[in-house]
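Below: one structure, written as structure tokens.
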Amino acid sequence: MQTRDQLRQQSDQLQALLGRCDLLVSPDEMQATYARLAEEINRQLAGRLPVVLAVMNGGLVSAGQIVPRLTFPLELSYLHATRYRGATTGGALKWLAQPDIELAGREVLLIDDILDEGHTLAAVREWCLDAGAERVWIAVATEKAHERKVPDLAADFPGIVVPDRYIFGEGMDYHGYFRNLPGIHALPEGE
Ligand SMILES: O=P(O)(O)OC[C@H]1O[C@H](OP(=O)(O)OP(=O)(O)O)[C@H](O)[C@@H]1O
Ligand SMILES: Nc1nc2[nH]cnc2c(=O)[nH]1
């Protein structure tokens, strides 16, 4: 257990680190991105009574920004799945919480913070289809610019393109912290 002094020191160190980080996307640009995504989703999914699922943890913030801008009836819940990143387990999903809504016959909209290599969303989409979902749509707040994406996975509602760096803010973490930051940040290059 960390003492109160250790927690304060850690908080100060994180604050100092943040002062040296690069702001890649401003809070205003992110708000504009959420508004654009919601507009596109409203146009496409109105009248289909979709099940909207936030992909925890990161998707919590993007879903919290997008869902209140949706103007049609929908059901809202979440799932919590993360990728085993060890070499032996490949892209398999580790489930921490499965959706509590029956997906059979439903259109499902997954909302996440980032499409990086796409393994997480590809596996979650597969799981939803196996559970009987009629169709799975994907909305992401950000998408990383690189050529390492899994084949056959593209966001139906793509967010803002970010450079191929480790980023945080808007739901994304740096060692568990900074998910609450508005805007997209990155460590100084080379750190
Ligand atoms: O496209 P990929 O390369 O699969 O990476 C993207 C995924 O990684 C992060 O989740 P993570 O499993 O790290 O958990 P978190 O949401 O709790 O941060 C993020 O929220 C995406 O779900
Ligand atoms: N926080 C964070 N999580 C990720 N998951 C996949 N890519 C990233 C990234 O750049 N930052």
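Order of appearance sets the numbers: ligands from 1, and atoms from 1 within every ligand.
- In the hydrophobic cluster analysis, where Ile, Leu, Val, Met, Phe, Trp and Tyr join through side-chain heavy atoms closer than 4.5 angstrom, Phe168 is grouped apart from Val55.
- Just one of Ile167, Thr142, Ile160 meets the side chain to side chain contact (heavy atoms under 4.5 Å, CB included) condition when paired with Leu24; it is Ile167.
- The aromatic rings of Trp127 and Trp95 are tilted relative to each other, their planes meeting at an angle between 30° and 60°.
- Counting heavy-atom neighbours within 6.0 Å of Arg165 CZ, excluding the residue itself, gives a total above 12.
- Close contacts between ligand 2 and Tyr166 involve ligand atoms 1 (N), 2 (C), 3 (N), 9 (C), 10 (O), 11 (N) [criterion: under 4.0 Å to a heavy atom].
- Heavy-atom contacts of Asp173 reach the following atoms of ligand 1: 18 (O) (cutoff under 4.0 Å).
- Residue Arg165 approaches ligand 2 through these ligand atoms, each under 4.0 Å from one of its heavy atoms: 10 (O).
- Near Asp113, the atoms of ligand 1 lying under 4.0 angstrom from a non-hydrogen atom of the residue are 19 (C), 20 (O), 21 (C).
- The side chain of Arg179, and not its backbone, has at least one atom closer than 4.0 Å to an atom of ligand 1 (non-hydrogen atoms only; side chain from C-beta on).
- Close approach of ligand 1 to Asn57 is summarised as follows: ligand atoms under 4.0 Å from at least one heavy atom of the residue are 15 (P), 16 (O), 17 (O).
- Annotation: Met172 places no N or O atom under 3.5 Å from an N or O atom of ligand 2; distance criterion only.
- For ligand 2, none of its N or O atoms has an N or O atom of Tyr174 under 3.5 Å away.
- A 4.5 Å side-chain heavy-atom check between Val61 and Asp113 finds every atom pair outside the cut-off.
- Counting only non-hydrogen atoms, the option in Ser62, Ala141, Gly59, Gly118 that gets closest to atom 1 (O) of ligand 1 is Gly118.
- When the heavy-atom distances from atom 4 (C) of ligand 2 to Thr82, Asp164, Ile114 are ranked, the shortest goes to Ile114.
- Applying the 6.0 Å contact sphere to OH of Tyr34 captures more than 12 heavy atoms from other residues, nucleotides or ligands.
- Counting heavy atoms closer than 4.0 Å to ligand 2, residue Phe168 contributes nothing at all.
- A 6.0 Å sphere centred on CD of Gln6 holds more than 12 heavy atoms belonging to other residues, nucleotides or ligands.
- Under a cut-off of 6.0 angstrom, the local environment of CZ in Arg148 is crowded, with over 12 non-hydrogen atoms contributed by other residues, nucleotides or ligands.
- Interatomic distance, CG of Leu53 versus CG of Leu103, reported as 6.0 Å (0.5 Å rounding).
- Which parts of ligand 2 touch Asp116 is read off a 4.0 Å heavy-atom cut-off, strictly below it: atoms 6 (C), 7 (N), 8 (C).
- Evaluated by nearest non-hydrogen atom to atom 10 (O) of ligand 2, the leading choice among His175, Glu117, Lys144 is Lys144.
- Residue Asp173 touches ligand 2 through backbone and side chain together, judged by heavy-atom distances below 4.0 Å.
- Between Asp100 and Ser77, the shortest heavy-atom distance links the atoms OD1-OG, 2.7 Å.
- Between Leu121 and ligand 1, a contact under 3.5 Å exists for no N or O pair.
- Remark: ligand 1 and Gly58 share an N or O pair separated by less than 3.5 Å (distance only, no angle test).
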